[in-house]
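Everything on this sheet refers to the single structure shown next.
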Amino acid sequence: MENKERYYLALSENKGRFNELDLGETLGFEEEVTMNLIAQLISEHKIEYYENGRCNYRTMKGFRGKNRKVYLY
């Protein structure tokens, strides 16, 4: 889903400057769509609730996305 990836990247670059709903609005999403994207990202453990300036969410530390390597010993 490209909307989810766009929102995730925008949230990671946001660094607490914009409210999560305002950030979605700047990307052209309605409030319901933004809240659904946030719920999906939380369930995938990509973001977490954290009061960070104006925004209440931040990306999870240590998450590297699709390029994450798994080492088996």
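Between E44 and K4 there is a salt bridge, with a side-chain nitrogen of the basic residue lying less than 4.0 Å from a carboxylate oxygen of the acidic one.
Checked against side chain to side chain contact (heavy atoms under 4.5 Å, CB included), D22 has the following partners two or more places apart in sequence or in another chain: N19. Contacts of T59 classified as side chain to side chain contact (heavy atoms under 4.5 Å, CB included), with partners at least two apart in sequence or in another chain: Y8, S12, I47. Evaluation of the side chain to side chain donor-acceptor pair (under 3.5 Å) rule for E48 yields R58 as partners, not counting sequence neighbours.
For the atom pair CD (Q40) and CG (N3), the distance works out to 9.5 Å, reported to the nearest 0.5 Å. Of the inter-residue distances, the one linking Y7 atom OH with N36 atom CG reads 11.5 Å to the nearest 0.5 angstrom. Here CD of E20 is found 9.0 Å from OG1 of T34. Values are rounded to the nearest 0.5 Å. Note that the CE atom of M60 and the CG atom of L41 stand 11.5 Å from one another [nearest 0.5 Å].
The side-chain heavy atoms of Y50 and Y57, taken from C-beta on, include no pair separated by under 4.5 Å. When side chains are defined from C-beta on, Y49 does not count as touching I42, because their heavy atoms never get closer than 4.5 Å. With contacts defined as side-chain heavy-atom distances shorter than 4.5 Å, the pair R6/F29 qualifies. Side-chain contact between C55 and L23: absent, with no pair of heavy atoms (C-beta onward) separated by less than 4.5 Å.
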